[in-house]
Amino acid sequence: MTIKIIIVDDHQIFRHGVRSLLEDEGDMTVVAEAGNAHDAISLVERHRPDVVTVDIRLGGMDGIQLVRNIKARPSPPRCMILSTYEDRQYLVGALEAAADAYLFKSNSYETLADAIRKVHSGVAMLSEELITVMMDEYKKVAAQQIQRENGLTTQEVRVLHLLAKGSRSQDIAAELAMTEITVKRKVQEITIKLGASNRVQAVAEAIRRGVI
């Protein structure tokens with residue numbers, strides 16, 4: 001079965017390079033190219049491709065908005081983001097838009113054909129560098145959820161981190177621009193929230209619960 005592909009990128013040289021690469025493959029064909037999102041939407045409706053490769057930066061509607069638009073249609077194609085950007089917001093936005101892959105142009109060019117086959121078969125893909133970004137994002141979200149569940153403020157979590165490093169009240173006061181009295185009150189409030197009897201137990205409990 002031939003995989004039908006549409007390339008969406010505002011750089012004509014890149015589009016032609018990808019087309020040339022994929023035309024050497026026997027199981028896929030580039031049915032159209034687009035330099036902007038508006039043309040891409042029309043071409044997707046006309047050609048009904050299996051896979052659409054999308055650049056992040058496009059004139060007018062960006063790549064993430066384009067993916068969201070395409071995925072909202074009946075029986076949408078697979079959508080692969082091909083980008084030079086490692087920005088966390090782009091990655092999260094692409095995944096929220098239901099993109100099937102997010103790959104860097106720099107390390108995906110030579111393996112693009114294989115990546116297209118995998119995405120066409122239903123395999124979600126990320127560049128290896130982005131796996132760490134996603135893990136960090138997951139840890140951040142999980143920590144925020146734990147923080148909320150324990151009734152702790154962001155400032156109180158910062159105090160706990162400093163306590164865990166062995167910082168004294170005067171050190172914490174200097175670090176967070178507080179008075180020592182305020183720090184001691186914060187520590188007492190944290191201790192109560194965590195059901196501990198002193199700051200050492202509070203830190204131990206925070207670690208046990210995954211707050212820090």
Side-chain angles (χ1 to χ4, degrees), residues 54-58 61-68 71 79-109 111 115 118-119 122-212:
V54 182
D55 186 23
I56 284 284
R57 294 286 183 89
L58 298 170
M61 185 188 302
D62 66 26
I64 293 173
Q65 292 172 311
L66 173 59
V67 170
R68 184 177 291 110
K71 286 295 188 177
C79 292
M80 299 177 60
I81 295 289
L82 298 182
S83 176
T84 57
Y85 302 99
E86 192 175 336
D87 189 285
R88 182 187 65 82
Q89 290 184 328
Y90 282 141
L91 174 58
V92 173
L95 296 180
E96 289 178 344
D100 299 285
Y102 194 116
L103 305 176
F104 289 142
K105 290 180 179 179
S106 59
N107 63 15
S108 65
Y109 193 84
T111 60
K118 289 179 179 178
V119 170
V123 177
M125 296 188 66
L126 287 178
S127 287
E128 288 186 12
E129 298 90 336
L130 293 171
I131 294 175
T132 300
V133 176
M134 283 305 300
M135 289 300 296
D136 289 343
E137 180 66 15
Y138 170 78
K139 291 176 182 177
K140 179 181 177 181
V141 172
Q144 290 172 342
Q145 179 63 29
I146 292 170
Q147 175 184 320
R148 287 193 294 270
E149 290 174 353
N150 287 276
L152 297 168
T153 66
T154 300
Q155 188 179 66
E156 288 170 339
V157 173
R158 292 179 67 190
V159 170
L160 276 166
H161 276 286
L162 292 170
L163 286 174
K165 292 178 180 179
S167 300
R168 299 169 300 174
S169 294
Q170 54 264 46
D171 299 326
I172 297 173
E175 178 75 21
L176 302 182
M178 298 177 180
T179 65
E180 283 190 53
I181 293 175
T182 300
V183 170
K184 290 177 180 177
R185 187 180 71 249
K186 287 285 183 186
V187 172
Q188 184 177 19
E189 291 171 353
I190 292 168
T191 300
I192 292 171
K193 288 181 178 181
L194 294 176
S197 58
N198 56 52
R199 62 174 60 193
V200 175
Q201 287 186 6
V203 169
E205 186 63 21
I207 294 172
R208 187 187 71 80
R209 298 186 190 186
V211 174
I212 60 175

To check you understand the geometry: which heavy-atom pair defines the closest contact between [X] and [Y], and what is its length?
{"X": "Leu194", "Y": "Arg209", "value": "O-NH2, 3.1 Å"}
{"X": "Thr191", "Y": "Asn198", "value": "CG2-N, 3.7 Å"}
{"X": "Leu126", "Y": "Leu103", "value": "C-CD2, 3.9 Å"}
{"X": "Gly93", "Y": "Ile64", "value": "O-CG2, 3.5 Å"}
{"X": "Ala94", "Y": "Ile81", "value": "CB-CG1, 4.1 Å"}
{"X": "Ala196", "Y": "Ala202", "value": "CB-N, 3.5 Å"}

Among all residues two or more places apart in sequence or in another chain, which pass the side chain to side chain donor-acceptor pair (under 3.5 Å) test with [X]?
{"X": "Gln201", "result": "Ser197"}
{"X": "Lys193", "result": "Glu156"}
{"X": "Glu189", "result": "none"}

TODO: Could you pull out all residues at least two apart from Lys184 that satisfy salt bridge (Lys or Arg N to Asp or Glu O under 4.0 Å)?
DONE: none

Open item on the list: Under the rule for side-chain contact (heavy atoms from CB on, under 4.5 Å), what residues qualify as partners of Glu96, not counting sequence neighbours?
Closed with: Val92

Task: Test side-chain contact (heavy atoms from CB on, under 4.5 Å) applied to Arg158 - qualifying residues, sequence neighbours left out - done: Leu176

Open item on the list: If the threshold is 4.0 Å, N to carboxylate O, is there a salt bridge linking Lys105 and Asp55?
Closed with: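 Looking at Asp55 together with Lys105, the answer is yes, because their closest N to O distance falls below 4.0 Å.
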
Task: Residue pair Met178, Gln155: steps toward the side chain to side chain contact (heavy atoms under 4.5 Å, CB included) verdict - done: CA-CA 11 Å; Met178 298 177 180; Gln155 188 179 66; 2.9 Å; yes

- [ ] Output the distance between atom OH (Tyr90) and atom CG (Leu95), rounded to the nearest 0.5 Å.
- [x] 15.0 Å

TODO: With rounding to the nearest 0.5 Å, note down the distance linking OG in Ser83 to CG in Leu91.
DONE: 9.5 Å

Task: Donor-acceptor pair between Arg185 and Thr179 side chains, under 3.5 angstrom - done: no

Under 3.5 Å, is there a donor-acceptor pair between the side chain of [X] and the main chain of [Y]?
{"X": "Arg68", "Y": "Ala99", "answer": "no"}
{"X": "Gln65", "Y": "Asp62", "answer": "yes"}
{"X": "Asp100", "Y": "Met80", "answer": "no"}

